[in-house]
Number of protein chains: 2
Amino acid sequence: MRSQSVDKRSRLIRAAVELTYLHGFAKTSLADIAKQAKVPLGNVYYYFKTKKEVGEAIIEQRLSDLEARSKEWDEAGAPRDRLRACLLGVLENKEVLAAHGCPVGPFCSELRKEGGGLGKRAGEIFGRHLAWMEAQFKALGKGNDSRGLAVHLLSSLEGVFVLAHTFRDSHLVVMETKRLNQWIQEL
Amino acid sequence: MRSQSVDKRSRLIRAAVELTYLHGFAKTSLADIAKQAKVPLGNVYYYFKTKKEVGEAIIEQRLSDLEARSKEWDEAGAPRDRLRACLLGVLENKEVLAAHGCPVGPFCSELRKEGGGLGKRAGEIFGRHLAWMEAQFKALGKGNDSRGLAVHLLSSLEGVFVLAHTFRDSHLVVMETKRLNQWIQEL
DNA sequence: GTCTATACCGAGATAGAC
DNA sequence: GTCTATCTCGGTATAGAC
């Protein structure tokens, strides 16, 4: 049945997204993913020809997640409120972020070092996020500098995720988002 | 002879630092390191009982590198000039940073996810860097907020390294360091 | 479409001659 | 101290029965 297949495939993707977030892409074996998804190892290869294809599926998943969230942020109203909604989302995830880091940053770093083209595709996730932020700054009348402002905002967030994860300290996320909120307010 | 041993050991560490920076710790095999250092694989285990010990040696190397550089920055004069010296160092490395990312951030992320205690030790590198920055902000009379300022500065840098690496775009490093320089000036 | 068994390879680590 | 040969395990991927 098709419904069965779709179900297994989505279970595999779900497991892959979770496990690679927790342990990294290289350290997550297809056997681990299969086990978590309750699919026999050999069957994985019916849905994904190679591990690289699993990686692509993870990226697609992250992209559609981001799209969904950015639509939610858009509903917050004015550009400043949208950006604040984004920061609020970060704050709500502070504990997970401190425990395991950003799901995107280390994933991109790892894939870039691996070579093989997956890294470039993964970068699309940041590309979209950056584009969304830039649009908000443009709407705030910061057309000249909108790119730089977006880079600064996303950099600050990605960086504090690295530090919070390194020290397992969610308070760093609180500190930095407060500062960024203030900064947005004063722009 | 001891001199031979020391020489081989340092060659191995040098190779380990380089290769793990380029390809990540997990993806760098002891065979790769041995080959680059021109030491037979079996002999590696005379100097390091396990790969984990190689990881520790890499961390020690990074720590002493940072110590050396922070002493150079200290010679720039007043606190603001010291911070600018640090940023200037970043700028001088922009091409390498865009090509391969930060040597510390992804390394810490990877080791944290691996578990096993190496990650915590690696975090010491950021700990020292943060402490140095904090000292500069204190000296600028920002005692209240010195921790938050240091976190913001290091986060911004680490984050832009992730973005610059992802997009292989050294210009992002230029943009962000300019902004941070300005920010320091206005504090 | 599904699953078991297995081929194959590269990794960390060890044995033991020199 | 040094180096070759090898063990062992875990990973990706495939073969082929059902």
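Throughout, a chain's letter reflects where its sequence line sits, starting with A, and its residues are numbered from 1.
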Cationic N near anionic O, under 4.0 Å, A:Arg84 to A:Asp81
yes
Counterpart residues, side chain to side chain contact (heavy atoms under 4.5 Å, CB included), relative to B:Leu88 (two or more places apart):
B:Glu92
Using atom CG of B:Leu12 as one end and atom C1' of D:dG1 as the other, report the distance to the nearest whole Å.
13 Å
With B for base contact, S for sugar-phosphate-only contact and - for none (protein heavy atoms under 4.0 Å), nucleotides 11-18 of chain C reads SSBB----
With a cut-off of 3.5 Å and sequence neighbours excluded, list every side-chain donor-acceptor pair involving residues 131-143 of chain B.
{"from": "B:Trp132", "atom 1": "NE1", "to": "B:Asp74", "atom 2": "OD1", "distance (Å)": "2.9"}
{"from": "B:Gln136", "atom 1": "OE1", "to": "B:Arg82", "atom 2": "NH1", "distance (Å)": "3.4"}
{"from": "B:Gln136", "atom 1": "NE2", "to": "B:Trp132", "atom 2": "O", "distance (Å)": "3.1"}

Which residues in residues 112-120 of chain A have at least one heavy atom lying under 4.0 Å from any atom of DNA chain C?
none
What pairs of residues pass the ring-ring contact (aromatic ring centres under 6.0 Å, His included) test when at least one of them lies in residues 157-182 of chain B, not counting sequence neighbours?
none
Considering only residues two or more places apart or on different chains, which pairs with a residue in residues 154-163 of chain B satisfy side chain to side chain donor-acceptor pair (under 3.5 Å)?
A:Ser156-B:Ser156
Identify, with sequence neighbours excluded, every residue that meets side chain to side chain contact (heavy atoms under 4.5 Å, CB included) alongside B:Ala37.
B:Arg11, B:Leu12, B:Ala15, B:Val39
When rounded to whole Å, the OH to C1' distance for the pair A:Tyr47 and C:dC3 reads 11 Å
Tell me the interatomic distance from B:Asn43, atom CG, to D:dC3, atom P, rounded to whole angstroms.
5 Å
Walk me through it: do A:Asn181 and A:Gln185 pass the test side-chain hydrogen bond (donor to acceptor under 3.5 Å, both in side chains)?
CA-CA 6 Å; A:Asn181 242 316; A:Gln185 210 55 26; over 6 Å; no
For residues 97-110 of chain B, which side-chain donor-acceptor pairs fall under 3.5 Å, sequence neighbours excluded?
{"from": "B:Ser109", "atom 1": "OG", "to": "B:Gly105", "atom 2": "O", "distance (Å)": "3.2"}
{"from": "B:Glu110", "atom 1": "OE1", "to": "B:Phe25", "atom 2": "N", "distance (Å)": "3.0"}
{"from": "B:Glu110", "atom 1": "OE2", "to": "B:Phe25", "atom 2": "N", "distance (Å)": "3.3"}
{"from": "B:Glu110", "atom 1": "OE2", "to": "B:Ala26", "atom 2": "N", "distance (Å)": "2.7"}

Take the C1' atoms of the five end pairs on each side of the helix from C:dG1-D:dC18 to C:dC18-D:dG1, derive the two axes, and give their angle rounded to 10 degrees.
10°
Set out, line by line, the N/O atom pairs under 3.5 Å between protein and nucleotides 7-9 of chain D.
none

Tell me every residue that passes side chain to side chain contact (heavy atoms under 4.5 Å, CB included) with A:Glu124, counting only those two or more places apart in sequence or in another chain.
A:Leu63, A:Arg121, A:Arg128
Would you please name every residue forming a side chain to side chain contact (heavy atoms under 4.5 Å, CB included) with B:Thr50, sequence neighbours left out?
B:Lys52, B:Glu53
